[in-house]
Amino acid sequence: MFVTRFAPSPTGYLHRGHAFSALTAYEAARAAGGRFLLRIEDIDVTRSRPQFEAAIYEDLAWLGIEWETPVRRQSEHLDDYQAALAALTTDHLTYRCFRTRKEIAQAAASAPHGHAEAFRGAPLPPDEEARRLADGEPFAWRLSLDAAEQALAGRPLTFVEEGAGPNGEHGAVAVDPALSGGDVVLARKDVGVAYHLAVVVDDALQGVTHIIRGQDLYEAAHVQRLLQVLLDLPAPVYRHHRLLTGPDGKRFAKRDQAETLRDLRARGVTPADLRAEMGFDRGA
Ligand code: GLU
C-alpha cells in the first residue's frame, strides 16, 4: 500500500510552495490508490504556534485536500524519539556535544577537507564531560559519522530517488551523509529532539512508503537514510519535487514574506485558480 505524507511545521502560515508540495503528495496518493497523511512537525516549541497549526488545517481543507485522522503531532510523541536516541546511544553512535552554534561553524570551517559546512566531532574526555555535566551545562546529542561508518563496515548505502535532486539526481543514489551537514544534531539542547531523528522515526511508525517533498530537503535524505539503517527501519522511496518559484525566479519562503494562502484567499483567488497555476489540472 502506497502511503505518503505532508509534514509542515506550524511556524508560519502556508504559502504557494506548501500548497504545491501538499498537492503533489496528495495527488500522488490518489493516483496510486494510496493513503495521504498529514503530520504536524511541532517539536520546535520555541517557534511553533497553535494559530499556525489551526491555519494549516483550514488552508489544506480550502485546497480540497483530505487527510486521515488522527493527525500525528510530534510534540505528543517525544517518548518515541527518546527511545530511538537511546538505541543509537546504546550502539555508541552518538555523543554529547556542548559546543555553541558559533563554535560548530568555526570547527566546520577549519576542517581540512570535505564539505565546508560538514562538522565532525567526538565525545569529550570522560572527566571533562563529567565536570560539564556536573556544572549543568546544556548539551545536544549528535550522530557520530565516524562511528556510523564503522558500524556500516564499508557496506555501500543508497536510497531510491524517483523524483530528482537539485542536480538531477535520480535512481539509486549513493548516500553521502556529509551532505546533510556532518554529525547532525539528533537531540537539541533546548527541546531534546531534532528534525532528522523525529522524521525518520515518524515515517517508519506511520508506514510511509513514499516521501514526497521539496528539493530543499534532498540533502536531508542522505542522513535520514543512514539513520533508517542504523535504527533498522524500512527504506521509503523518495520523490523530491522541484521548488515553485515566483515571477522573480526565487522560491517561495516564509522568510521572504511570501504571500500566504490566506492572503490569496482574501483577495479572491480560488483553489481552482491555484491548481491551474501550478499545473495540477493539466491533461486531467
Ligand atoms: N517539517 C519539514 C518542513 O516543514 C518537512 C519535513 C519532511 O518533509 O521531511 O520543512
Side-chain angles (χ1 to χ4, degrees), residues 3-29 35-49 52-53 55-57 59-60 63 65 67 71-78 80-81 84 159-166 173 175 177 179-181 184-186 188 191 193-228 231 233-244 251-256 258 260-261:
V3 184
T4 191
R5 58 17 171 224
F6 176 57
S9 307
T11 55
Y13 291 118
L14 301 186
H15 53 64
R16 274 192 177 83
H18 295 109
F20 182 68
S21 205
L23 284 167
T24 301
Y26 181 64
E27 293 300 338
R35 298 169 56 204
F36 173 82
L37 310 177
L38 172 63
R39 182 167 76 224
I40 301 294
E41 303 218 319
D42 60 349
I43 48 171
D44 187 344
V45 288
T46 63
R47 293 170 59 222
S48 296
R49 300 278 180 274
F52 294 138
E53 182 177 337
I56 288 170
Y57 302 132
D59 293 346
L60 294 180
L63 279 172
I65 289 176
W67 57 90
V71 167
R72 187 173 170 91
R73 301 174 70 240
Q74 290 189 322
S75 59
E76 293 170 354
H77 298 279
L78 299 180
D80 291 331
Y81 316 131
F159 64 87
V160 176
E161 175 61 65
E162 286 187 351
V173 176
V175 166
L179 282 178
S180 314
V184 294
V185 171
L186 299 173
R188 283 168 39 165
V191 296
V193 54
Y195 163 66
H196 293 298
L197 186 65
V199 162
V200 162
V201 168
D202 284 346
D203 285 330
L205 284 175
Q206 296 191 287
V208 172
T209 60
H210 288 71
I211 296 184
I212 301 175
R213 62 185 182 189
Q215 272 171 357
D216 53 330
L217 291 168
Y218 172 79
E219 280 81 17
H222 286 262
V223 77
Q224 290 176 8
R225 177 74 197 111
L226 174 61
L227 285 172
Q228 288 152 10
L231 288 164
L233 301 174
V237 166
Y238 289 87
R239 282 192 197 168
H240 290 97
H241 60 69
R242 70 183 174 92
L243 298 176
L244 210 61
R251 73 181 183 96
F252 294 100
K254 274 175 207 167
R255 61 176 170 279
D256 298 333
T260 65
L261 299 183

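When a ligand or atom number is given, it counts from 1 through the structure's own listing order. Values in this document were obtained by computation on a predicted structure and should not be read as measured data.
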**Q** Using a strict 4.0 Å cut-off to heavy atoms of Arg5, name the atoms of ligand 1 that fall inside it.
**A**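 Here the atoms of ligand 1 in question are 7 (C), 8 (O), 9 (O).
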**Q** Please report whether ligand 1 has a polar contact with Leu217, defined as an N or O pair separated by less than 3.5 Å (distance criterion only).
**A**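 Not met; the criterion fails.
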**Q** Quick one: does Phe6 get a heavy atom under 4.0 Å from ligand 1?
**A**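 Judged by the 4.0 Å heavy-atom criterion, Phe6 does not count as contacting ligand 1.
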**Q** Can you tell me which residue and heavy atom of the protein come closest to atom 5 (C) of ligand 1, and the distance to 0.1 Å?
**A**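 The closest heavy atom on the protein side is Ala7 O, 3.3 Å.
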**Q** Whether the side chain of His241 engages the backbone of Gly214 through a donor-acceptor N/O pair (distance < 3.5 Å, no angle test) should be reported.
**A**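 Confirmed, His241 side chain pairs with Gly214 backbone.
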**Q** Got Thr11 and Ser48 here, is their nearest side-chain heavy-atom distance under 4.5 Å?
**A**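 Answer yes - side chains close enough.
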**Q** Do Arg39 and Gln206 have side-chain atoms, one donor and one acceptor, less than 3.5 Å apart?
**A**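 Side chains of Arg39 and Gln206: pair found under 3.5 Å.
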**Q** Which residue owns the protein heavy atom closest to atom 9 (O) of ligand 1, what's the atom, and how far is it?
**A**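 For this ligand atom, the closest protein heavy atom is Arg213 NH1, 2.7 Å.
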**Q** Ignoring angles and geometry beyond distance, decide whether Ser9 reaches within less than 3.5 Å of ligand 1 through its nitrogen or oxygen atoms.
**A**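 Looking only at distances, the answer is yes, because the N/O contact criterion of under 3.5 Å is met.
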**Q** In the protein, what heavy atom is nearest to atom 6 (C) of ligand 1, and what distance, to one decimal place, separates them?
**A**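 Sorting protein heavy atoms by distance from atom 6 (C) of ligand 1 puts Glu41 OE1, 3.3 Å first.
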**Q** Kindly assign one of parallel, tilted or perpendicular to the pair His222 and Phe159, based on the angle between their ring planes and the thresholds 30° and 60°.
**A**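 Plane angle over 60°, so perpendicular.
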**Q** Only counting residues at least two apart or in another chain, list the ones meeting side chain to side chain donor-acceptor pair (under 3.5 Å) with Gln215.
**A**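 Counting only residues at least two positions away or on another chain, Gln215 forms no side chain to side chain donor-acceptor pair (under 3.5 Å).
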**Q** Do His18 and Tyr13 have ring centres separated by under 6.0 Å?
**A**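 Here the rings of Tyr13 and His18 have centres that are no less than 6.0 Å from each other.
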